[in-house]
Structure formats: C-alpha cells, structure tokens
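To start, the structure under review is shown below, and the notes come after it.
In what follows, chains are A, B, ... by sequence order, proteins preceding strands, each numbered from 1. Only a predicted model underlies this, so the values are computations on that prediction, with no experimental measurement involved.
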Protein chains: 4
Amino acid sequence: MSKPSKSRAEKFAKDELKSIIERVERLLEEKKAIADDISAVYAEAKANGYDAKALKTIVRMRKEDPNARAEFETILETYMQALGML
Amino acid sequence: MSKPSKSRAEKFAKDELKSIIERVERLLEEKKAIADDISAVYAEAKANGYDAKALKTIVRMRKEDPNARAEFETILETYMQALGML
Amino acid sequence: MSKPSKSRAEKFAKDELKSIIERVERLLEEKKAIADDISAVYAEAKANGYDAKALKTIVRMRKEDPNARAEFETILETYMQALGML
Amino acid sequence: MSKPSKSRAEKFAKDELKSIIERVERLLEEKKAIADDISAVYAEAKANGYDAKALKTIVRMRKEDPNARAEFETILETYMQALGML
DNA sequence: ACTCCAATACTTTAGC
DNA sequence: GCTAAAGTATTGGAGT
C-alpha cells in the first residue's frame, strides 16, 4: 500500500521516546562505570591494608557539617553514659 | 456441560497457591504492625525530647560486638588524626 | 557520703531511656521472627515447586490498586509498542 | 626543636590516605552529577507528558534478558489465573 | 517546620 | 565462599 503505516506525528513521538530511553541508558552506563571505579579504589586500598568500611565512614563524615556532627556525638555519649555503655 | 471446568488436582493446586499467598500476606501485615509500633515508640520519644536518630544509633550499636566496635573506633580515629579531622 | 551520686530526675531519665531502647529492641526481635516466618513460607513453597520471585511479585501486585495497575500497564504497553518491544 | 614531628613513613602514609579519600570524593561528585542528569531527563520527559515511572520500568526491562522475562511472565500469569486476578 | 516520597546505601540472602 | 540480587533502612528533597 502507498499509505504509510504510521503518521508523521506518531513516528516523531516514537523517536522522542526512544531518545529519552537511550539518553537515560547512556547516563546509567556512565554512572555504573564510576561506581565501578569507586569500588576499584576501595579494593586497591584494602589490598594496601586499609579498612574499607572505615574509609567509607571518613568519606561520609567529611560531607557532614562538623558542628552538627559534634552535637550528635555529644547526645550519643550522653545516652551511652546513661546506659552504661562507656 | 457436565464435566467440571477444572480437574481436582488443579483445584487443589489453586487452593495451595492461595494458601501460600495468604499466609505471606498475613505475616506481612503483622510485620507492618510491628514496624508501625517501632515508629510510634520513636515518635513518642521524640515528643519527650529525645533525639530519634541518636536512639537508632544506640540500638544499632548494642547489636554489634563491643570488641569489634572498639577496634573500628581505633582505626577511624587513626584515619581522622592523619587527615587532621581531630 | 550521704548525698546520692545521681539526682532523682537523672535516675528517672535513665530508666526512661533504657525503657525506650528495650521496647524497640523487643519489637525488632518480633519483627525479625516474622521476617523469618515469611522466609520459611517461601522456602517451603520453593520446595514444592513454586517460583519464589513470582510469588513475591503476586503479593506485591495484590497490594496495589487494580485500577492504577491497569492504567500503568496500558501506558507501559504503549511505550513497549513504540519501542518495538512487543 | 630539630627533630621532625612526623617520620617520613608516616607522612607518606598520610598522603596516601588523603589521596584515596580524595579520589573517592571526586568520583562521588561525578557520580552525583550524572545522577542529576538522569533526574533532569526524567523531569523533562514528565514535562512533555511522559510517565516517569513507566519510563523507568522500560529502562529496567531492557536490561533484562528477554527470554528470562518471557518465562517469568508465563509463570506469573499462571499464578494470576489461578488466583482469579485476570 | 513537618510530612511524604524518592533515591541511595547498606545488609542479608540466594545462587554459582 | 563469593558474586549478584533483594529487601531494608536511612537520608535528602519536594511539597504542604
């Protein structure tokens, strides 16, 4: 038949959808690659005798506000004291 | 027609499947109820001036092995010291 | 000395804190017991030839609103159609 | 005083630790930037009338093995049939 | 400010 | 036992 099976508008939408999905997929691949790089850094550090869990804790702590952290530590120690954990 | 639409065996399997699903659903409801109770305890504590985040940290710490925790703290402080965080 | 080492108020707060923590711990134990029960149901089902992953999917689906689900399925199929996944 | 406060080896380890931490932090920043890009794509798609949840489902499905998915769907429909969900 | 939801990170479990 | 997948918990962000 001479009539196209899909209208121009439908074709356009189709391409748009495909484009969205593929952009996300490409970004997800990049994100995964970086996550793998991070794992590799920790694995190498571990091989050199570092404690990966402690390294992760350090990274997390450096992101936090120092004042907020200090305050939290104070509360925590108060509770631990009251519970005989110190 | 007089013939039953489902065999006895199929009916049996159907009931078995239904039973499995419903047992899980009942247990999930109970689990949810307990999770809600826990939330309520924290909410009440918060209303009485406690820091919910610190309380959760205490609960987590009490589950851990004290020796392992002490060792972890030591490593952490070594790293913090080296990075000028103390 | 005759003076108590802790004031009455502090002692009270201490007990209150301990009570909060212990209530949470008890509830967490109950929650864990139920989670184990659920695992046991799935393990038994699996031993009887059921697909645990599919069972979990069924349980999840039954929690959802049927209308919302139907609508979602429609959209999903539209997208899949447009991407040649059907 | 003439004696250095830190030995050469300690200084070296310190730099190594700092290097590890900073490499991870740089990678985390890159990872965050990509995550933000992904969010932006979904936000834009949503503004153009797409259902973000369905788009995410499509992305997930395209990562899966088609045969495995088909088989899973078959089992799922068997269960749904048996439970009167179809 | 406070709740609700989505996203991330962690923990645990299942499969190879 | 180890990698990979699920489930769970915590955190950040959006909206009221």
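Taking for each of Lys32(D) and Lys31(B) the nucleotide of DNA chain F with the nearest heavy atom, the 5'-most of the two is the partner of Lys31(B). Comparing Ala35(D) and Ser39(C) against DNA chain E, the residue whose closest nucleotide sits nearer the 5' end is Ala35(D). Nearest-nucleotide mapping onto DNA chain F: of Glu64(A) and Leu28(B), the residue sitting toward the 5' end is Leu28(B).
A salt bridge is absent between Glu64(B) and Arg60(B): the closest approach of a Lys/Arg side-chain nitrogen to an acidic carboxylate oxygen does not fall below 4.0 angstrom. Lys32(C) and Asp36(C) are joined by a salt bridge, as a carboxylate oxygen and a charged side-chain nitrogen come within less than 4.0 angstrom of each other. Ionic pairing of Glu25(B) and Lys18(B) is not present here: no N-O contact between side-chain nitrogen and carboxylate oxygen is shorter than 4.0 angstrom.
Residue contacts for Ala52(C): at a heavy-atom cut-off of 4.0 Å it reaches no nucleic acid atom on any strand shown. Residue contacts for Arg60(C): at a heavy-atom cut-off of 4.0 Å it reaches no nucleic acid atom on any strand shown.
Separation of atoms CG (Asn48(B)) and CD (Glu16(C)) is listed at 5.5 Å; rounding is to 0.5 Å.
Looking at the side chain of Lys53(B), the nearest of the listed nucleotides dT11(F), dT3(E), dT8(F) is dT11(F).
Residues Met85(B) and Phe72(B) fall within the same hydrophobic cluster, defined by Ile, Leu, Val, Met, Phe, Trp and Tyr side chains chained together at heavy-atom separations under 4.5 Å.
Taking atom CG of residue Asp36(C) and atom C1' of nucleotide dT11(E), one finds them 14 Å apart after rounding to whole Å. The distance between atom CZ of Arg69(A) and atom C1' of dT11(F), rounded to the nearest whole Å, is 14 Å. dG7(F) atom P lies 17 Å from atom CD1 of Ile34(C), rounded to whole Å. One interatomic measurement links the two molecules: CE of Met61(A) to P of dT10(F), which rounds to 19 Å at whole-angstrom precision. dG7(F) atom P lies 8 Å from atom OH of Tyr42(C), rounded to whole Å. Ile38(C) places its CD1 atom 13 Å from the P atom of dA14(E), with the value rounded to the nearest Å. Put simply, NZ on Lys46(C) is 13 Å from P on dA6(F), counting in whole angstrom units. One interatomic measurement links the two molecules: CD of Glu29(D) to P of dT8(E), which rounds to 16 Å at whole-angstrom precision.
The phosphate of dT8(F) (OP1 or OP2) has no side-chain N or O of Lys56(B) nearer than 4.0 angstrom.
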